[in-house]
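Here the structure is laid out as structure tokens; the discussion comes afterwards.
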2 protein chains.
Amino acid sequence: MTPSQNIKTFLETGPEYLPSVSVDCVIFGFHERQLKVLLLEFKHTKAFALPGGFVFKDESTDEAATRILWERTGVKDIYLEQFHTFGEQNRGNWDVHKATMSSHGFELETNHWLLQRFISIGYYALVDFSKVIPTPDIFSDIGGWHDIHQIPTLILDHNRIVEKALTTLRLMLDYKLVGFNLLSETFTMNELQSLYETILDKKLLRANFQRKMLSMEILERVEKKFSGKAHKPPYVYRIKKTT
Amino acid sequence: MTPSQNIKTFLETGPEYLPSVSVDCVIFGFHERQLKVLLLEFKHTKAFALPGGFVFKDESTDEAATRILWERTGVKDIYLEQFHTFGEQNRGNWDVHKATMSSHGFELETNHWLLQRFISIGYYALVDFSKVIPTPDIFSDIGGWHDIHQIPTLILDHNRIVEKALTTLRLMLDYKLVGFNLLSETFTMNELQSLYETILDKKLLRANFQRKMLSMEILERVEKKFSGKAHKPPYVYRIKKTT
DNA sequence: ATAAGTTTGTATCAAAATGATGCAATCGAC
DNA sequence: GTCGATTGCATCATTTTGATACAAACTTAT
């Protein structure tokens, strides 16, 4: 199918979606000691946006978020959590979508379903960076990771959505022990610490961090040690199976 | 206006609402050392429900929640916070609404807007019990307070919504120091402690509770003491103005 | 082979926060 | 005044957290 055919199909699925409701995903990844967010970019308008989509009438909003996540990253079984619903009357203007559609030869009337008011249910996802294959959607041409400190201006209220997601993630980090989802299955204490330091944006004392993590008794030492570097090899950990 | 006229008017306002989106409010109050929730009751069907409503196309979801809260309690300027959005495909059946409408002489076709799928944005409110005048809406005939430990079976997924609201409130209690909103403007340390004990559902040591609250430096002693009881009169406190 | 340079794992001590108990102060009832 | 009740707060013990130190384990340079 050509892009234009994809878009035509999409525009025709309007009636299959739950009206007024959209889902946006803030997908966090961790790479080279930096917290990243997956963004989409529209080629014609150079605009950036969060991966998002609509909710089919026969799926739950959680399922919609899972589906969108899978479509944009190729991964399933991901840590995904709803964090806030954004319901302002005017969340921004839709010029970007109009322009994008226009560039594909579709002129949307002002009362087109895609240009109506939507509330957006925000979800954040924590993914293993190495397992993700960023995949653009039919609106966008590029999907890529952006450092949390260098997020460009996004469409609509998406910058605010990212901010709120980050705030929530910080709050949840200790409470729900959720950070591990950003690492690969096994990791060193050093990697875990730098993850925490990046998210919380502050330095932690190594000895105390280690003590705290071990005292929670959720980490399991893998009977294998690192090799290569010119120093004592660190233990490698994984999350204990909760039997 | 007669009740039936009210309902007729309501049924006709369908097009003014944002489709698929509803708001439900868990209104907490504190009375006689018990945590209460404001519920509505439908006379004909004996069914209970949370106060809720729909979002006008020209108001934000926050504004809708504030409005609904005001309509059901008569109070404004209330602590109100969104806590979760409930987006299952099938959140329960609408028989109660059908029966209620039917009892007023309105037979709804199965594709009536009121019987469509709605997602519900949940808000919880903390109100000063003494200032509230429970007011039924057009669906219901009675509005009243129910002890949190004796919530009857509610329509749809409203029991789950109450549970989630309570969980969130417990989490937020320390983090956001939000409990004061459930008390009148001035209160004793004893009242504050029993509020905390009720919400957290556990006993707290009096001396340590007092120490903790005072150390936060958000309480101000009112230069007036209690009277009446046969013991040392407690100080009366209020929240410091944050200048 | 040995020394040097790293990072890791953990012990140890100090400081702060929390848990538990006790007691003097202040009221009304008698 | 004495009694019972409750308050405000001090004081101790215990636990948690913050900060520092040091031996162990590895590679590289000599």
Side-chain angles (χ1 to χ4, degrees), chain A residues 30 32-33 170-177 179-180 183-184 186-240, chain B residues 30 32-33 170-177 179-180 183-184 186-240:
Chain A
F30 188 63
E32 291 177 347
R33 317 230 148 178
R170 283 188 178 139
L171 269 182
M172 288 294 142
L173 198 58
D174 283 327
Y175 168 61
K176 269 203 168 184
L177 300 177
F180 312 103
L183 299 173
S184 49
T186 61
F187 47 85
T188 66
M189 197 55 81
N190 189 317
E191 289 169 340
L192 187 58
Q193 184 178 344
S194 68
L195 169 63
Y196 268 69
E197 288 180 341
T198 309
I199 295 179
L200 299 174
D201 202 23
K202 69 175 175 191
K203 284 280 165 202
L204 302 171
L205 278 181
R206 185 178 61 87
N208 297 338
F209 179 80
Q210 177 134 340
R211 179 176 61 190
K212 184 178 167 186
M213 286 298 144
L214 294 180
S215 74
M216 297 195 297
E217 300 191 341
I218 53 168
L219 294 184
E220 189 177 28
R221 272 185 185 159
V222 178
E223 280 313 320
K224 205 174 59 174
K225 297 193 175 191
F226 242 28
S227 59
K229 299 289 174 55
H231 56 72
K232 180 175 180 178
Y235 284 105
V236 177
Y237 296 90
R238 74 167 151 236
I239 304 295
K240 266 190 195 167
Chain B
F30 188 64
E32 290 178 347
R33 318 232 147 178
R170 282 189 180 137
L171 270 182
M172 288 295 142
L173 197 57
D174 282 328
Y175 168 62
K176 268 203 169 184
L177 300 177
F180 312 103
L183 299 173
S184 49
T186 61
F187 47 85
T188 66
M189 197 55 82
N190 190 317
E191 289 168 341
L192 187 58
Q193 183 178 344
S194 68
L195 168 64
Y196 269 69
E197 288 180 341
T198 311
I199 295 180
L200 300 175
D201 203 23
K202 69 175 175 190
K203 284 281 164 200
L204 303 171
L205 278 180
R206 186 177 58 87
N208 298 338
F209 180 79
Q210 177 135 341
R211 180 176 57 191
K212 185 179 168 187
M213 286 299 144
L214 293 181
S215 74
M216 299 194 298
E217 302 191 339
I218 53 168
L219 294 184
E220 187 177 30
R221 274 186 183 157
V222 178
E223 278 314 319
K224 204 176 61 176
K225 297 193 176 192
F226 243 26
S227 60
K229 299 289 174 55
H231 56 72
K232 180 175 181 179
Y235 285 106
V236 177
Y237 295 91
R238 74 166 152 236
I239 304 294
K240 266 189 194 166

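Sequence lines set the chain letters: A, B, ... in the order given, protein chains first and strands last, and positions in each chain run from 1.
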Checklist outcome for this item: When rounded to whole Å, the CG to C1' distance for the pair A:Leu214 and C:dT8 reads 12 Å
Checklist outcome for this item: Per atom distances to the A:Ala230 side chain, the nearest of D:dC9, C:dG5, C:dT8 is C:dG5
Checklist entry - Considering only C:dT10, D:dA25, D:dG8, which nucleotide approaches the side chain of A:Pro233 most closely? => result D:dA25
Checklist entry - About how many Å separate CG of B:Leu219 and CG of B:Leu192, when rounded to the nearest 0.5 Å? => result 6.5 Å
Checklist entry - Quick one: which of C:dT8, D:dG8, C:dT10 gets closest to the side chain of A:Pro234? => result C:dT8
Item to check | Euclidean distance, atom CE of residue B:Met213 to atom C1' of C:dT18 [Å, nearest integer] | outcome: 14 Å
Checklist outcome for this item: From the candidates D:dG18, C:dG28, D:dT11, the one with an atom nearest any side-chain atom of B:Arg211 is D:dT11
Item to check | Atom pair distance, as rounded to whole Å: NZ in A:Lys212 and P in C:dA17 | outcome: 15 Å
Item to check | Below 4.0 Å: OP1/OP2 of D:dC9 and any side-chain N or O of B:Gln210 | outcome: yes
Checklist entry - For the base of C:dG9, is there a side-chain donor-acceptor partner from A:Arg206 under 3.5 Å away? => result yes
Checklist outcome for this item: Taking D:dG4, C:dT18, C:dT6 as options, the one with an atom nearest any side-chain atom of A:His231 is C:dT6
Item to check | Rounded interatomic separation in angstrom, taking NZ from B:Lys232 and P from C:dC23 | outcome: 16 Å
Checklist entry - With side chains defined as the heavy atoms from C-beta onward, is the minimum distance between A:Leu204 and A:Lys212 less than 4.5 Å? => result no
Checklist outcome for this item: Minimal heavy-atom distance between A:Glu191 and A:Thr188, with the atoms involved, is OE1-N, 3.0 Å
Checklist entry - To the nearest angstrom, how far is B:Tyr235 atom OH from D:dC9 atom C1'? => result 10 Å
Item to check | Spacing of B:Asp174 atom CG relative to C:dT18 atom C1', expressed in whole Å | outcome: 13 Å
Checklist outcome for this item: From NZ of A:Lys203 across to C1' of D:dT17 the rounded distance in Å is 20 Å
Checklist entry - At their closest point, which heavy atom of A:Arg238 faces which heavy atom of A:Thr186, and how far apart are they? => result CB-CG2, 4.2 Å
Next on the checklist: Does D:dA19 have its OP1 or OP2 closer than 4.0 Å to a side-chain nitrogen or oxygen of A:Asn208?
Outcome noted: no
Checklist outcome for this item: Of C:dT21, D:dA19, D:dT11, the nucleotide closest to the side chain of A:Leu205 is D:dA19
Item to check | Test side-chain contact (heavy atoms from CB on, under 4.5 Å) applied to B:Phe187 and B:Leu195, step by step | outcome: CA-CA 11 Å; B:Phe187 47 85; B:Leu195 168 64; over 6 Å; no
Item to check | Shortest side-chain distance from A:Met189, nucleotide among C:dG5, C:dG9, D:dG8 | outcome: C:dG9
